[in-house]
Amino acid sequence: MPTKVFHKSQIADIQYKQLERFVVIVERGGLADAAKVLGITQQALGMSLAKLETIVGAVLINRSRGNRTSATEYGESFLPYARSQINGMERAVHHIQALMGAHAGKVEIGIGETCDVELISQVLQSFHSQRPDVELSIIEDYSEVLVNQLAEGRIDFLCGSLPSKDSAPKGIIEEQLYSLQDIVVARRDHPVMKIDQPTLEDLQGYTWIVPGQRPSDWHLIRNTFMAEGLDPPKYFIRSDAPVIGSQLIESSDFLFMTSPAMAERKYDVKHQRTLCKVNIDRPSVLRHASLISMSGRKLNPAAEVLMDSIRQSAIEAHNPQD
């Protein structure tokens, strides 16, 4: 039997209500029950189904005695696509409604250490220029701190790296955007920057700055050295102050394991990188930059639009289409 060739005009004839009615018929298991749910007559529902089957070119529903129905093989295959189209249309309408109501209100957002700072800055600038009446509140901190603030309702959502799911508050929703491998950074004039291929032994005698709120980094650095049969670094400074910590690294021979996003930040007036990557691949850990929110907590329209803007920009920047 030759394969049926569809024309765009035929596919365009498929209406949202036909897909919705088909899904309800399958879910309710009968035309009579489906008609009651939809608030239409059984005759009208049958005509709608018949028209859809004519367009598709296959029987989607088996009619049986007693008004009981079931999806045919073709109907089962068609069902997920129908649901996807319905969900897509609902999301599109919801997004437009959010856009229409997103020109006022307040948005409190947390920015974690794994975030692409330039990307976030551009999104925030664009958002503010389009919606100047929305009050923006931006908190920059380690993700461990921000997750707790999110759970307490102090911020709407955050862009950062979710800690261990075992230790994360209940109800956390994580949507991973991209992944980054931590690197070791130092100031441009640090002695290790003069070594083409530094080893762990070359890094052994320096002081390391580690986050106080993330003791796992301290353990990871020590374990990396010990796995090589080396004594771990002797000196550590625990700091959860990004500005002071950065100043310490810029002015002293300290080392810091962090996201590549940190090394790309520019602090001096000449717009030059003040923190540079040390040419070594250990110690390191893979972190996921994610949009993190709370289940069951509805965002206001402005917050939804800002979250969606960050999502789309991150996808375009870090997951380009081939």
Side-chain angles (χ1 to χ4, degrees), residues 1-102 156-157 162 165 168-177 290-305 307-309 311-312 315 319 321:
M1 182 176 179
T3 302
K4 182 175 181 179
V5 178
F6 291 95
H7 298 289
K8 290 184 178 180
S9 59
Q10 290 176 282
I11 297 176
D13 287 338
I14 298 178
Q15 300 174 4
Y16 174 89
K17 65 181 181 181
Q18 292 170 338
L19 296 176
E20 181 185 40
R21 291 172 180 177
F22 164 72
V23 171
V24 173
I25 291 172
V26 175
E27 292 177 346
R28 302 299 295 188
L31 289 173
D33 286 347
K36 290 179 182 179
V37 171
L38 294 166
I40 60 176
T41 65
Q42 187 172 336
Q43 182 182 10
L45 182 57
M47 292 175 61
S48 179
L49 174 60
K51 184 175 181 179
L52 176 62
E53 290 177 327
T54 298
I55 296 172
V56 174
V59 175
L60 303 176
I61 296 292
N62 281 319
R63 283 78 160 175
S64 60
R65 292 180 180 179
N67 290 325
R68 303 312 297 170
T69 62
S70 62
T72 66
E73 176 185 358
Y74 302 114
E76 289 288 353
S77 297
F78 188 71
L79 183 60
Y81 293 99
R83 284 177 171 153
S84 176
Q85 289 298 314
I86 293 171
N87 292 336
M89 183 61 70
E90 290 177 350
R91 287 197 303 270
V93 172
H94 180 72
H95 179 69
I96 295 302
Q97 291 175 342
L99 283 173
M100 294 173 64
D156 294 307
F157 68 92
L162 185 66
K165 292 187 177 181
K170 293 183 178 179
I172 290 291
I173 298 176
E174 178 190 21
E175 179 186 349
Q176 293 185 6
L177 300 175
S290 304
L291 284 173
I292 304 173
S293 56
M294 290 295 296
S295 174
R297 185 183 300 168
K298 184 175 177 57
L299 297 176
N300 64 45
E304 286 193 357
V305 170
M307 178 183 276
D308 188 58
S309 297
R311 177 186 297 111
Q312 295 302 321
I315 290 174
N319 301 285
Q321 297 294 323

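Note that these values count all heavy atoms, side chains included, but never hydrogens, waters or copies made by symmetry.
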Peer 1: For Asp156, enumerate each residue passing the salt bridge (charged side-chain N to carboxylate O under 4.0 Å, His left out) test, keeping only those at least two apart in sequence or located in another chain.
Peer 2: none

Peer 1: Kindly determine whether Phe22 and Leu60 satisfy side-chain contact (heavy atoms from CB on, under 4.5 Å), including the steps that lead there.
Peer 2: CA-CA 9 Å; Phe22 164 72; Leu60 303 176; 3.7 Å; yes

Peer 1: Drop me the distance from Ser70's OG to Glu76's CD, to the nearest 0.5 angstrom.
Peer 2: 8.0 Å

Peer 1: List the residues meeting side chain to side chain donor-acceptor pair (under 3.5 Å) with Tyr16, not counting sequence neighbours, and say none if there are none.
Peer 2: Glu90

Peer 1: Quick check for you: to the nearest 0.5 Å, what is the distance between Ser48 atom OG and Glu20 atom CD?
Peer 2: 9.5 Å

Peer 1: Is the closest side-chain heavy-atom distance between Gln18 and Ile55 below 4.5 Å?
Peer 2: yes

Peer 1: Is it the case that Glu174 and Ser290 place a side-chain donor and acceptor less than 3.5 Å from each other?
Peer 2: yes

Peer 1: What's the shortest heavy-atom distance between Ala71 and Ile61, and which atoms?
Peer 2: CA-CD1, 4.1 Å

Peer 1: Could you tell me which non-hydrogen atom of Val23 sits nearest to which non-hydrogen atom of Leu79, and how far apart they are?
Peer 2: CG2-CD1, 4.0 Å

Peer 1: Distance from Leu19 atom CG to Ile86 atom CD1, nearest 0.5 Å?
Peer 2: 5.5 Å

Peer 1: Do the side chains of Arg21 and Leu49 get nearer than 4.5 Å, heavy atoms only?
Peer 2: no

Peer 1: Does the side-chain contact (heavy atoms from CB on, under 4.5 Å) test come out yes or no for Gln42 and Lys36, once each step is laid out?
Peer 2: CA-CA 8 Å; Gln42 187 172 336; Lys36 290 179 182 179; over 6 Å; no

Peer 1: What are the two closest non-hydrogen atoms of Ala50 and Arg63, and how far apart are they?
Peer 2: N-NH2, 4.5 Å

Peer 1: For residues Thr72 and Val59, report the shortest heavy-atom separation together with the two atoms involved.
Peer 2: OG1-O, 2.6 Å

Peer 1: What's the separation between atom CZ in Phe78 and atom CD in Glu53, rounded to the nearest 0.5 Å?
Peer 2: 10.0 Å

Peer 1: Can you sort out the partners of Arg83 under salt bridge (charged side-chain N to carboxylate O under 4.0 Å, His left out), two or more places apart, ordered by chain and number?
Peer 2: Glu27

Peer 1: I'd like to check Glu304 versus Lys298 (side-chain heavy atoms, cut-off strictly below 4.5 Å). Are they in contact?
Peer 2: yes

Peer 1: What pair of heavy atoms forms the shortest contact from Ser295 to Ile173, and how long is it?
Peer 2: CA-CD1, 3.5 Å

Peer 1: So, do Leu291 and Leu177 sit near enough that their side-chain heavy atoms are less than 4.5 Å apart?
Peer 2: yes

Peer 1: To the nearest 0.5 Å, how far apart are CG in Leu52 and CD1 in Ile14?
Peer 2: 6.0 Å

Peer 1: Do you know the tightest heavy-atom contact between Gly30 and Thr69?
Peer 2: N-OG1, 3.3 Å

